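Labels below follow one simple rule: chain letters A, B, ... track the order of the sequence lines, proteins then strands, and each chain is numbered from 1. In this text the structure is predicted, and so the values were computed from the model without any measurement.
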Amino acid sequence: MDKTYQPHEIESFWYEKWEQSNYFAPSGKGDPYSIMIPPPNVTGSLHMGHAFQDTIMDSLIRHQRMLGKNTLWQSGMDHAGIATQMLVERKIANEEGKSRHDLGRDAFIEKVWEWKEESGGSITRQLRRMGTSIDWSRERFTMDEGFYKAVQEVFIRLYDDKLIYRGKRLVNWDPKLHTAISDLEVENKDLSGNLWHFRYPLADGATTADGKDYIVVATTRPETILGDSAVAVNPKDPRYTSLVGKFITLPLVDRRIPIIADDYVEADFGSGCVKITPAHDFNDYAVGKRHHLPLINILNHDAAILTRCEIYNSDGSVNGDLDDRLPEQYHHLDRFDARKLIISEFEAAGLLEKVDDHALKVPYGDRSGVVIEPLLTDQWFVAVADLAKPAIAAVENGDIQFVPKQYENMYFSWMRDLQDWCISRQLWWGHRIPAWYDDVGNIYVARTELEAREKYQLGHDLPLKQDDDVLDTWFSSALWTFGTLGWPEQTEDLKTFHPSSVLVTGFDIIFFWVARMIMFTLKFTDEVPFKTVYVHGLVRDQDGQKMSKSKGNVLDPLDLIDGIKLEELVDKRTGNMMQPQLAKKIEQQTRKHFPEGIDAYGTDALRFTFLSLASTGRDIKFDMNRMEGYRNFCNKLWNAARYVLMNTEEHDCGVEGGEVELTLADRWIISRLQETEQQIARHFEEYRFDLLSSALYEFVWNEYCDWYLELSKPVLWDEQAPTARLRGTRRTLVRVLEAILRLAHPMMPYITEAIWQRVAPLAGKQGDTIMLQPYPLAEEHKLDPQATADIEWLKAVMLAIRNIRGEMNIGPGKAINILLRNASAEDLSRLEANRTSLVKLAKLDQITILAEGEEAPMSATGLVGSMEILVPMAGLIDKDAELARLAKELDKLQKEIARLDGKLSNAGFVSKAPADVVEKERAKLTEMREAFTRLQDQQTSISAI
RNA sequence: GGGCGAAUAGCUCAGUUGGGAGAGCGUCUGCCUUACAAGCAGAGGGUCGGGGGUUCGAACCCCUCUUCGCCCA
């Protein structure tokens, strides 16, 4: 074995071997356990969030596989409608100078598929590098033929059940991409803007209480004035009660609009009068509904002003009564230009009262980067009210459990206030809506045009045209757990692996994905999609910032695994940017944070780091220093294995039987192993990967390496040691190491496999791979509290001696003598049990036991319980140094004594606290006082020299 | 404005029914001791955001304030 851990050499070799051997496939034996991957975007690449999530899933799957379950981890990708379409559009614009319209729908889609073939592989390659034990033979894609069947089936059944309908509604419209987008794709940005106060002239000679012939309306969006259909005031606002029911003459369009009263209006916002534009604002839309106001749409799909507005009654019918003309100077004017013109026209007319600065939130399309426009369009919707009820119940009754539990509240609060879900998108890339229209707009929903004609008994000559729109990507994602298992066919896989065992996901998509999966899956399979939802935090950079390309703080997990030079990293972060002006800043930041580039840490270290960060919090700050620590941990494990192999290969490790003697240290480490196994089992159950990884780290480094390996040395180096003891120690060394490897395998698959191959035969284990070995489970009869207590005593003695050595600058190579004073019978028996180890590890020359009253030379003193460990000072220790050390110890003790004393002299504590707590405190106080006295005596006698 | 979450060592974070404040990294000191300098040994470092309350006892429970983050309006 190499002297240092070299991750590269083992990683590629073992992944290929596992995959070729088909170890990732379900075993077909045992209880089923399945995880469906949250499908990444097909044209994207694996970012830190994915890598984090995938590490957790892989650890769970490997753990369950080793527990003997019939495990399925199914992977796949999402077609990601908008993102993918945009990407390919940009690509063909750059490469061929063409738009998608130049190509036409079919040719464009052909291009998307080509790109999918090319880029889809990059994510799977990255996943493989992460060591994920995914059954690749079952990889799915949301645009696959089979999956589309499920999507169609769901759409048609929902339509036939009247749970899907088509209608004109206000949606988030992206004027650049020309499609409706979901709330998830809208990013609200805080901006400083203006609040314009306009005068709206009162009609019919009405006046305000203070005699004005106008009222003042404040708005952040003057351009929508052209679409106003009312002015609203709060019903309790005394300034305006007399005006409710009166009318305004809207300037520019001369529209007569009513003044209405609605609780929605906050009296102390602006003037207390709010313009109501139901076709261009979500709140106004709701107000309009309540007051049966007409919807006046003034914008086209580019968000420019129409020549004639489109007016609908609140029931959706076309309104023919109102004047639909718009002033000519606004025709085809972009919304922001229209805003300027409106302001100047109002100002010219003396109707601009004032302009205030105003902080507002502006919705931006996260893909297009343009301001999103609420727009009235024809869209398809899912009526979610009936679907939501069972979905809420499933979480309430515990069929689905969220971990951590607090996320259930988030889920409930959203589910109890659900809006109908807009599922149509004006895109080409996606699942085309299986609906056809005749010339008069009747809708026919079926799998194919032919089926539509049969289903609705239409004549062969009736011209039908399929809906151009596609479905929201989340619509298909909602079927992910069962659609990928062959539904609507009742396949064996569906029966075996559905419901899936756990969903691992970030809290940011609970609404958009998790909730919708629950609703659809219950509706179509009468099963929950998963029994547990493990919700993890989001990976952020070292400053807690979200990682994003535009911030330039993204990290590619593969760069942490393989390492990257500074210049390459800078190029990677600043290349192909949407906003090239940020490149300079990003370059500076990158050079500051990674002056040396990034070292290669290997997959196992990266995985272990992710797991150690997986606590219950919402933010996960990724810290390179921490990863370095865990890379060192890998190295530690590697070198521990080297030590074990050096001392066991070619030796009798008890595989062939023979008499075995277990030392105290052997019994202790075996006992501690059982405790560690118990802890790890519990942490797995509770999804506390942070506690799990630290329990493992602590056991391997601080107990197995720091103590057990050291304690094995005096045995192995003792030429007089009996064969049975040597055999016992070697057997324990390899057996515990072998168990550690299996324990750690789900978290660190590569290093454990590489080492296991050499260690397993020495521990009498057979098998081609560690990943199919049984997971270590604690055996209670191996717990040994006595051995644990004895070793703790040894550690305490060692610590006392090392402390004296350290503080007195006695080098580790210098052998010293110690004397023991006031040793109890138990101390003495422990001394005998540990004598060889103690002499060797503490580098002792002689151990002298002082009889009661026996004179001791001047010494530095350490205490273990009531036993004093004396290190003679002659020639070694400076008097003042020892006095200073004693003073420090005495000071510590004094503080603790004062605290305990105070507590115990409190009558309330003694009478009300549980007896065992009081007793414990008393014993502690006694011990402290005794220790204090002993050290004080030492202090006195040393000062007297 | 409403809701949720966070605030613990210089940094990143644990802290399980309320009962002696912890880890990793960083810092300081001494060591190339025959697995490991990606290491070993030792040490220092905290008014648990502020205030109030409940309790014999609060990092933990309650109230309140401050700061930060997220979601919603």
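- When heavy atoms are screened at a 4.0 angstrom cut-off, A:Asn647 is found touching no nucleic acid atom at all.
- Note on A:Arg805: nothing from the nucleic acid sits closer than 4.0 angstrom, heavy atoms only.
- Using a 4.0 Å heavy-atom cutoff across all strands shown, A:Glu896 reaches sugar-phosphate atoms only and no base atom.
- Boundaries of the chain A contact region on RNA chain B are B:C4 to B:A73, first to last in 5' to 3' order (nucleotide atom under 4.0 Å from a heavy atom).
- A:Arg885 comes within contact range of no nucleotide atom at all, as no heavy-atom separation falls under 4.0 Å.
- Side-chain rings of A:Tyr630 and A:Phe608 approach one another, their centers coming within less than 6.0 Å.
- For the C1' atom pair drawn from B:G18 and B:C56, the interatomic distance equals 12 Å after rounding to whole Å.
- When heavy atoms are screened at a 4.0 angstrom cut-off, A:Lys843 is found touching no nucleic acid atom at all.
- A distance of about 28 Å separates the C1' atoms of B:G42 and B:U47, rounded to the whole Å.
- Using modelled atom types, one finds no donor on one side chain facing an acceptor on the other under 3.5 Å when comparing A:Lys924 with A:Thr926.
- By the 4.5 Å heavy-atom criterion applied to side chains, A:Val644 and A:Leu709 are counted as neighbours.
- A:Leu900 comes within 4.0 angstrom of nothing in the nucleic acid, heavy atoms only.
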In residues 681-693 of chain A, what donor-acceptor pairs under 3.5 Å come from side-chain atoms, sequence neighbours left out?
unit_1: A:Arg688; atom_1: NE; unit_2: A:Asp690; atom_2: OD1; d: 2.9
unit_1: A:Arg688; atom_1: NH2; unit_2: A:Asp690; atom_2: OD1; d: 3.4
unit_1: A:Arg688; atom_1: NH2; unit_2: A:Asp690; atom_2: OD2; d: 2.7
unit_1: A:Ser693; atom_1: OG; unit_2: A:Phe689; atom_2: O; d: 2.9
unit_1: A:Ser693; atom_1: OG; unit_2: A:Asp690; atom_2: O; d: 3.1

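- Distance check on atom P: B:G45 versus B:G39 gives 25 Å, rounded to whole Å.
- Projected onto RNA chain B by closest heavy-atom contact, A:Tyr5 and A:Ala907 fall at different nucleotides, the more 5' of which corresponds to A:Tyr5.
- Backbone-only contact: A:Arg802 has heavy atoms under 4.0 Å from sugar-phosphate atoms and none from a base.
- With both ends at atom P, the span from B:C61 to B:A7 equals 11 Å, rounded to whole Å.
- Nucleic acid contact class of A:Phe633 (heavy atoms, under 4.0 Å, all strands): none.
- Counting any heavy atom pair closer than 4.0 Å across all strands shown, A:Glu710 reaches a base atom.
- A distance-only check finds no donor-acceptor pair linking the side chain of A:Tyr5 to the backbone of A:Asn632 [under 3.5 Å].
- Rounded to the nearest 0.5 angstrom, A:Phe699 CZ and A:Glu675 CD are separated by 9.5 Å.
- Nucleic acid contact class of A:Cys705 (heavy atoms, under 4.0 Å, all strands): base.
- The separation of B:G49 from B:C32, taken at their C1' atoms, amounts to 46 Å, rounded to a whole angstrom.
- Within the 4.0 angstrom heavy-atom criterion, no nucleotide atom of any strand lies near A:Ser694.
- With both ends at atom P, the span from B:G50 to B:A58 equals 15 Å, rounded to whole Å.
- The strand RNA chain B forms stems, runs of 3 or more Watson-Crick or G-U wobble pairs with distances below 3.5 Å, at B:1-7 with B:66-72, B:10-13 with B:22-25, B:27-31 with B:39-43, B:49-53 with B:61-65.
- Looking at heavy-atom distances under 4.0 Å, A:Asn409 makes no contact with the nucleic acid at all.
- Both A:Met928 and A:Leu691 sit near RNA chain B, but only A:Leu691 has its closest nucleotide nearer the 5' end.
- The cationic atom of A:Arg416 (NZ for Lys, CZ for Arg) lies less than 6.0 Å from the six-membered ring centre of A:Phe412 and within 45° of the ring axis.
- At distances below 3.5 Å, at least one donor-acceptor pair connects side-chain atoms of A:Asp604 with backbone N or O atoms of A:Tyr750.
- Between A:Asp916 and A:Lys920 no salt bridge is recorded (no basic side-chain N to carboxylate O distance below 4.0 Å).
- Side-chain atoms of A:Arg805 come within 3.5 Å of backbone atoms of A:Gly811 as a donor-acceptor pair (strictly under, hydrogens ignored).
- One P atom belongs to B:A6, the other to B:G53, and the distance between them is 25 Å to the nearest Å.
- Comparing the C1' positions of B:A35 and B:U29 gives an interatomic distance of 25 Å, to the nearest angstrom.
- Using a cutoff of 4.0 Å between basic side-chain nitrogens and carboxylate oxygens, A:Glu710 and A:Lys840 are not scored as salt-bridged.
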